[in-house]
Amino acid sequence: MWSKSIRLDLFEELLFNNRYFIEDLLFKSEVSINIFDSRSRIFQELNKLFPSSSSEEKLNLLYLITKAYNRSNYGKMQLIWSGPSVAGLPGRDTEIVFEEYILSAQESIILSIYSLSEYASSLINLLEKKIKQGIYVEIYLNDYASKGELLDKIIKLDNSRAFVYEYIGAENHTQSLHAKVLTVDNKKSIITSSNLSYNGMDGNLELGVILNSKAKAREIRLIFSTLIEKYYFRRVKT
């Protein structure tokens with residue numbers, strides 16, 4: 001029934017790689033059917049694949065594909081938050097989700113942090129245990145000197161499993177690594193405003209999201225891997 005041609009597979013990859021451009025085009029502005037006369041490869045390929053369809057039909061097809069993709073990813077995002085204890089609010093507790101995710105890791109953990117205090121020592125201990133179990137752990141941080149006391153024991157572990165990187169890409173003292181991210185097994189991620197401190201996990205009102213998406217996890221890994229290659233990070237060793 002389905003024609004699994006190379007052209008269709010290439011077009012699917014083209015759509016995926018340009019999905020944000022297509023979303024912006026279809027959902028944020030008026031779209032003219034004249035776009036199919038443009039030099040964009042997406043529209044050129046649509047014209048080749050569906051030569052007998054009208055421009056309006058091609059536009060409707062593109063809209064339906066994009067809408068279906070958005071819906072399929074809707075349930076993959078959940079809210080987490082830290083702050084006052086108020087019954088009935090949506091979302092899960094940030095600290096509890098961090099602990100669950102670290103405990104669940106079977107292969108790898110990526111953690112990017114800005115502020116770290118003794119309050120998060122239990123999470124650091126969990127990371128230490130995971131390294132000893134053979135899990136690859138990468139920690140990205142700003143200003144290692146202010147956090148070294150808490151992370152020294154991790155750096156002294158197996159250096160083929162434990163990786164600590166300090167951000168050195170700042171051009172002046174006002175710039176820093178400010179991302180707070182946790183990615184586990186290249187499958188699921190947390191992006192949050194919470195630091196690993198008392199205020200970040202309990203005192204402040206902080207919001208974040210859980211992304212159960214392999215694609216997003218791969219993108220997060222690519223960002224850090226590329227920044228290492230471009231010398232924005234240096235590995236901290238004993």
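Just the heavy atoms: all of them, side chains too, but no hydrogens, waters or symmetry mates, feed the values below.
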* Donor-acceptor under 3.5 Å (Glu57 side chain, Ser54 main chain) -> yes
By side-chain hydrogen bond (donor to acceptor under 3.5 Å, both in side chains), Thr192 pairs with (sequence neighbours left out) Ser194
Practice prompt. Report, as yes or no, whether the 6.0 Å neighbourhood of atom OH on Tyr119 holds more than 12 heavy atoms from other residues, nucleotides or ligands.
Written response: yes
Rounded to the nearest 0.5 angstrom, the CD1-CG distance for Ile109 and Leu182 is 7.0 Å
Checklist entry - Tyr101 and Asp185: side-chain donor and acceptor closer than 3.5 Å? => result no
Quiz item: Centre of Phe43's six-membered ring, under 6.0 Å away, within 45 degrees of the axis: is that where NZ or CZ of Lys58 sits?
Solution: no
Lys130 (side chain) donor-acceptor with Ala105 (main chain) under 3.5 angstrom = yes
Check: Using a distance-only test with no angle check, is there a side-chain donor-acceptor pair under 3.5 angstrom linking Asn172 and Thr174?
Finding: yes
- request: Please say whether more than 12 non-hydrogen atoms of neighbouring residues, nucleotides or ligands are located less than 6.0 Å from CD in Gln133.
  value: yes
Open item on the list: Is a donor from one side chain sitting under 3.5 angstrom from an acceptor on the other, for Arg218 and Asn186?
Closed with: no
request  = Using atom types as modelled and distance alone, determine if a side-chain donor or acceptor of Asp202 lies under 3.5 Å from a backbone N or O of Tyr198.
outcome  = no
- [ ] Could you tell me whether the side chain of Glu166 and the main chain of Asn142 form a donor-acceptor pair under 3.5 Å?
- [x] no
Distance col, row Asn195:CG vs Tyr114:OH, nearest 0.5 angstrom, shows 7.5 Å
* More than 12 foreign heavy atoms under 6.0 Å from CD of Glu118: is that the case here? -> no
Rounded to the nearest 0.5 angstrom, the CG-CG distance for Leu116 and Leu150 is 5.0 Å
request  = Can you label the angle between the Tyr165 ring and the Tyr140 ring as parallel, tilted or perpendicular, going by 30° and 60°?
outcome  = parallel
Under a 3.5 Å cutoff, is there a donor and acceptor pairing between the side chains of Ser117 and Ser197? no
| request: Answer yes or no: is there an ion pair linking Lys180 with Glu206, defined by an N-O contact shorter than 4.0 Å? | output: no
Interatomic distance, CG@Leu15 vs CZ@Phe11, rounded to 0.5 Å, equals 4.0 Å
> Can you tell me if Tyr167 and Gln175 form a side-chain donor-acceptor pair at under 3.5 Å?
Replying inline: no
Check your understanding: Can Asn125 and Lys153 be counted as having a side-chain donor-acceptor contact under 3.5 angstrom?
Key -> yes
Any donor and acceptor pair, going by atom type alone, linking the side chain of Arg161 with main-chain N or O of Gly134 inside 3.5 Å? yes
With no hydrogens and no angle check, is any side-chain donor or acceptor of Ser193 less than 3.5 Å from a backbone partner on Leu207? yes
